[in-house]
J.: 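Sharing a structure below in structure tokens format, with a few things to ask.
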Amino acid sequence: MTVGEPVVMQVYCRVEVVVDDPVAVAELAVQRLRDAGIDWSREQDTVEDAAAELRGDLAQALASVVDPERMLADVPGVEVRRGRWWAERGGPSARFAPGFAAAG
């Protein structure tokens, strides 16, 4: 590795969260959707359709408020270029279990 040469790295993360107030999560997701500056005239759905979908799907609402860029925002010389994230109900998927012990 040469100084000044960018290095591409992958960061893998699994986080278990407990949602005590699903309505608050959904409403935050809806507010962020409304604040996103989307030109809804160019979309298939209306903002109200999208808001209703978020209110009816906690996993989607939670995933929509996750902000991976904030995780590394204060790290100098690091830029988050892209990512993929989602939320699922229940225990961890077996495909993401290696190296993790069951919560006790």
J.: What residues form a salt bridge (charged side-chain N to carboxylate O under 4.0 Å, His left out) with Glu53, not counting sequence neighbours?
T.: none
J.: Rounded to the nearest 0.5 Å, what's the gap from CZ on Arg89 to CG on Leu62? Could you check?
T.: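 If we round to the nearest 0.5 Å, Arg89:CZ and Leu62:CG are 10.0 Å apart.
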J.: Measure across Ala26 and Ala61 and return the closest heavy-atom pair with its distance rounded to 0.1 Å.
T.: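 In terms of heavy atoms, the two residues are closest at CA-CB, 4.0 Å.
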J.: Under 4.5 Å between any side-chain heavy atoms of Val47 and Ile38, yes or no?
T.: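 Side-chain contact under 4.5 Å: no.
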J.: Less than 4.5 Å apart, any side-chain heavy atom of Ser64 and any of Leu54?
T.: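 When only atoms from C-beta onward are counted, Leu54 and Ser64 do touch, with a gap below 4.5 Å.
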J.: How would you list, by chain and number, every residue that makes a side chain to side chain donor-acceptor pair (under 3.5 Å) with Asp35, sequence neighbours excluded?
T.: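 If we apply the side chain to side chain donor-acceptor pair (under 3.5 Å) test to Asp35, skipping adjacent residues, the hits are Gln31.
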J.: Would you please name every residue forming a salt bridge (charged side-chain N to carboxylate O under 4.0 Å, His left out) with Glu43, sequence neighbours left out?
T.: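 Applying salt bridge (charged side-chain N to carboxylate O under 4.0 Å, His left out) to Glu43 gives none.
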J.: Could you list the residues that satisfy salt bridge (charged side-chain N to carboxylate O under 4.0 Å, His left out) with Arg32, not counting sequence neighbours?
T.: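 So Arg32 forms no salt bridge (charged side-chain N to carboxylate O under 4.0 Å, His left out) with any residue.
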J.: When the side chains of residues 78-85 are checked against the rest of the protein, which donor-acceptor pairs come out under 3.5 Å, sequence neighbours left out?
T.:
residue	atom	partner	partner atom	Å
Trp85	NE1	Ala63	O	3.0

J.: For a quick test of reading the model, state the closest non-hydrogen atom pair linking Val15 to Cys13 and the distance between them.
T.: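 It is CG2-SG, 3.4 Å.
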J.: Answer yes or no: does atom CG of Asp21 have more than 12 heavy-atom neighbours from other residues, nucleotides or ligands under 6.0 Å?
T.: yes
J.: First locate atom CD of Glu27, then atom CZ of Arg34, and finally report the distance between them rounded to the nearest 0.5 Å.
T.: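 Taking CD in Glu27 and CZ in Arg34, the distance rounds to 8.5 Å.
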J.: So, using side chain to side chain contact (heavy atoms under 4.5 Å, CB included) as the criterion, who are the partners of Asp39 when residues are at least two apart?
T.: Ser41, Arg42
J.: Could you report the tightest heavy-atom contact between Ala50 and Leu33, atom names first, then the distance?
T.: CB-CD2, 3.6 Å
